Each structure stands twice: as structure tokens, then as C-alpha cells.
Colleague: 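Quick one: the structure is below, questions incoming.
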Number of protein chains: 2
Amino acid sequence: MDEGNIISILKKHELRVTDCRRDVLHYFIDSGHALSTRELEETFGQYDRVTLYRTLNAFTEKGVIHSIPDSSGFARYGACHDTCGPGTHRHDHVHFKCEECGKIECIPSEQVPMVNLPGYTISESNLILAGTCEACNTLPQQSVSQ
Amino acid sequence: MDEGNIISILKKHELRVTDCRRDVLHYFIDSGHALSTRELEETFGQYDRVTLYRTLNAFTEKGVIHSIPDSSGFARYGACHDTCGPGTHRHDHVHFKCEECGKIECIPSEQVPMVNLPGYTISESNLILAGTCEACNTLPQQSVSQ
DNA sequence: TATTTTATGCAAATATGTTGCATCTATAGA
DNA sequence: TCTATAGATGCAACATATTTGCATAAAATA
């Protein structure tokens, strides 16, 4: 994606355009998988850890990215769909976590089923799948990166 | 649940019966919601933090409890169904997280849908719902405890 | 360009989770 | 019931993750 689009996404979400935010958003959109804070720290050593954390929080609050439920205890994030905005966040996602390579992919095509729970209000619905991804099923054993 | 049942559950899962394990398992079974490590530390101040972490890991390995995917970045745990054991863990769960009171409930009756992803092997399937629970929908505003 | 609002970097604090080791205890067997 | 032993506990220390305060720098607005 080109710089113009990156900038317009930031502005649309009421975020000031800074180097850090441009670089991080670029990376989110171009990488096909969900990102851990660890991976972001390693990728963007030029920015302070604190700045990266604040960037992630700002992006999450404004609906640019969403945090992904994970039982490993580390926060993970993925880029939101175009339809997400400050007040119009689309709250249903399907994610697949590969136990071999550790990568989490967003599966956009699948529909998260609606569940009926009388008395409850459901605003968000996340389906988390885990197993072995296509690449790891095909290729020989890969190194595991949490 | 009475002490005899607690002890038999521990033994059935190849776990030595100790005070800490009895108390923690009791609490898991009697509380209707999923527990954070934070809540366990606060509840069981008489036991060392390390012991509680090791208890959680032992319970998880033996299939007494399961960790619950959560986007907040904290580990959460819930008691497993009767069908779970050291080698026979049921790897599909539905959980509901209330945004008001912060509690996570296990919804045992619902079926997690099977998703077809060609080339992928799916070994686990978790559906995470979020919104407002029945109690918070009925009662006036409650305090939020993460 | 001047002003204001917000982002950044650094230091430090807090939270979360693990490891090593000495000691104690639950369990099984004599 | 007593004893041996594998495993559980507590303590100290470590490792990593995340947040907060504050001074400075930069972006947006007029």
C-alpha cells in the first residue's frame, strides 16, 4: 500500500501522522499475519518500546487494529477491515493460530456464527482456531517463534 | 461440591492431594466464572504466588482446567468438563466475557462450529463472545473489575 | 509563523511469569 | 505404622511485559 493511503487511514481515524505511526501501520497492512508486541519491538528498534505500546493502544482505541484473543498470555494485534472506524468497529473475527510456526492469520471470508443467549447482549464474536497451517503442513519442520 | 469429590477429581487426574490444590480446585468449581491469576493471588494470599502458578500449570497439563483465550493479554482459566482428562482434553469451548463486570463464563451447552479450511489442520476451536451478561443487563451499573 | 495540542524518549515503577534450590510432605511399599 | 522417595512448597532471584510521569519535540490549527 502506498504512503498516501496510509496517511489517509490515519487521518480518517483521528490520529496524527507521525513517522512511527506511518511505519507501524504500513507494516500491519503489508504483513499477512497478526503481530505480537515482541515482533514489533524487533522490527522497529528505532522507536522506543513505550512509543510502540502507545501506538498500539492508540490504534486499538481508534479502530485501526484490533487485539486478538490468545491463550498464551501475550497481546497480539491485527489490522482491522476497512469498515472499522472510531465508532463503527466490526466486532467479529476469525483467526487461525498455527501451533508449529506460531503465526496468527486473520480469516476474513468466514462468517462468525451468531449464538443465541437469552438475557445476554452480544456485541463481539471471535472464533479462534488452532492447529497447523497450510505452509507448515506442506513444508518440513520449521522453527517455532512464539 | 464436597471435599470427597474434590479429592477424587485430583486423584483421577494423577495429581497429589495438597491443601493448595484442594482449595484452588474447590474455588474453580464453585465459582461460576473463569479466573484470572490476579483473582487467584488475591483470594489465596496464604499460598506463595509461585505455588499458585505451578498449581495452574499442573491443572492445565492434567486437564483439570483450561486456559481461555482473552484479548486483554492476561491468562484466564476455567474448570474443564468431566470429559477432560490427561489424554482426552476437549478442545472446543464457548466463553462469554462481560464488558461491564469483567467476568468470563463458560457456556457449555453451545457447540463450536466446525470451519473448513483446505490445507489446514484444526485441532482446537474457541468461540469468544463479549457483551453484557444477564446479571449486568438486569441490575443497575456495577463496578468493573478487570 | 505562533500557538496549542499531542507524540516521543528516557527513567523508573509495576505487573506477570519462570527458575533454582533447600525443605517439607503425600504417597506407596515394607 | 514406619520409611523411602518422588513430588510440592516457599523463598529469593531473575526475566519479560506493560504502564506512568515528566521534559522535550513535533504535528496540526489558526
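In this text the structure is predicted, and so the values were computed from the model without any measurement. Per chain, numbering begins at 1; letters A, B, ... match sequence-line order.
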Colleague: To the nearest Å, give me how far apart CZ (B/Arg49) and P (D/dA12) are.
Modeller: 13 Å
Colleague: Taking atom P of D/dA27 as reference, at what distance in whole Å does atom CZ of A/Arg16 sit?
Modeller: 9 Å
Colleague: Using only heavy-atom distances, decide whether a donor-acceptor pair under 3.5 angstrom links the side-chain of B/Arg54 to the base of D/dG10.
Modeller: yes
Colleague: CZ of A/Arg22 versus C1' of C/dT8: gap in Å, rounded?
Modeller: 15 Å
Colleague: Can you tell me if the side-chain N/O atoms of B/Thr18 get under 4.0 Å from OP1 or OP2 in D/dA8?
Modeller: no
Colleague: Please check if any side-chain donor atom of A/Asp19 sits under 3.5 Å from a side-chain acceptor atom of A/Tyr47, or the reverse.
Modeller: no
Colleague: Using a heavy-atom cut-off of 4.0 Å across all strands, would you classify A/Arg21 as base, sugar-phosphate, or nothing?
Modeller: sugar-phosphate
Colleague: Can you work out whether A/Asp19 or B/Ala58 has the more 5'-proximal nearest nucleotide on DNA chain D?
Modeller: B/Ala58
Colleague: Checking contacts here: which listed nucleotide (D/dG10, C/dT8, C/dC10) is nearest the side-chain heavy atoms of A/Asp48?
Modeller: C/dC10
Colleague: Closer than 3.5 angstrom, by distance alone: can the side chain of A/Asn137 be matched with the main-chain N or O of B/Gly119 as a donor-acceptor pair?
Modeller: yes
Colleague: Please determine if a side-chain N or O atom of B/Tyr53 lies less than 4.0 Å away from the OP1 or OP2 oxygen of C/dT18.
Modeller: no
Colleague: B/Val17 side chain: which of D/dG21, C/dT27, D/dC11 is closest?
Modeller: C/dT27
Colleague: For B/Thr55 and D/dA8, is the shortest distance between a side-chain N/O and OP1 or OP2 below 4.0 Å?
Modeller: no
Colleague: Rounding to a whole Å, what distance do you find between B/Leu52:CG and D/dT9:C1'?
Modeller: 11 Å
Colleague: Atom NZ in A/Lys103, atom SG in A/Cys133: separation rounded to 0.5 Å?
Modeller: 8.0 Å
Colleague: If you round to the nearest 0.5 Å, how far is CD1 of A/Ile128 from CZ of A/Arg76?
Modeller: 11.0 Å
Colleague: Whole angstroms only, please: what is the NZ-C1' distance between B/Lys11 and C/dA28?
Modeller: 11 Å
Colleague: Quick check on the 6.0 Å ring-centre criterion: do B/His66 and B/His95 meet it?
Modeller: yes
Colleague: We want to know whether B/His93 and B/Glu124 form a side-chain donor-acceptor pair, criterion being a heavy-atom distance below 3.5 angstrom.
Modeller: no
Colleague: Take the protein atom CD of A/Glu14 and the nucleotide atom C1' of C/dT6, then report the distance between them rounded to whole Å.
Modeller: 14 Å
Colleague: Between A/Leu40 and A/Leu52, what is the shortest heavy-atom contact and its length?
Modeller: O-CD1, 3.8 Å
Colleague: State which of C/dA26, C/dT8, D/dT19 makes the closest approach to the side chain of A/Cys20.
Modeller: C/dT8
Colleague: Of all the nucleotides listed (D/dC11, D/dT16, D/dT18), which has the minimum atom distance to the side chain of A/Arg38?
Modeller: D/dT16
Colleague: Round to the nearest Å and state the distance from A/Gln46 atom CD to C/dC10 atom C1'.
Modeller: 17 Å
Colleague: With a 4.0 Å cut-off on heavy atoms, is A/Asn57 in touch with a base, just the backbone sugar-phosphate, or nothing at all?
Modeller: sugar-phosphate
Colleague: Please give, in whole Å, the distance from D/dT9 C1' to B/Phe44 CZ?
Modeller: 16 Å
Colleague: Taking five pairs at each end, how big is the angle between the two axes of the helix from C/dT1-D/dA30 to C/dA30-D/dT1, to 10°?
Modeller: 50°
Colleague: Is it the case that the side chains of A/Tyr77 and A/Glu39 hold a donor-acceptor pair, with the cut-off being a distance below 3.5 Å and no angle test?
Modeller: no
Colleague: At under 4.0 Å between heavy atoms, what does A/Val50 touch on the DNA or RNA strands: base, sugar-phosphate, or nothing?
Modeller: base
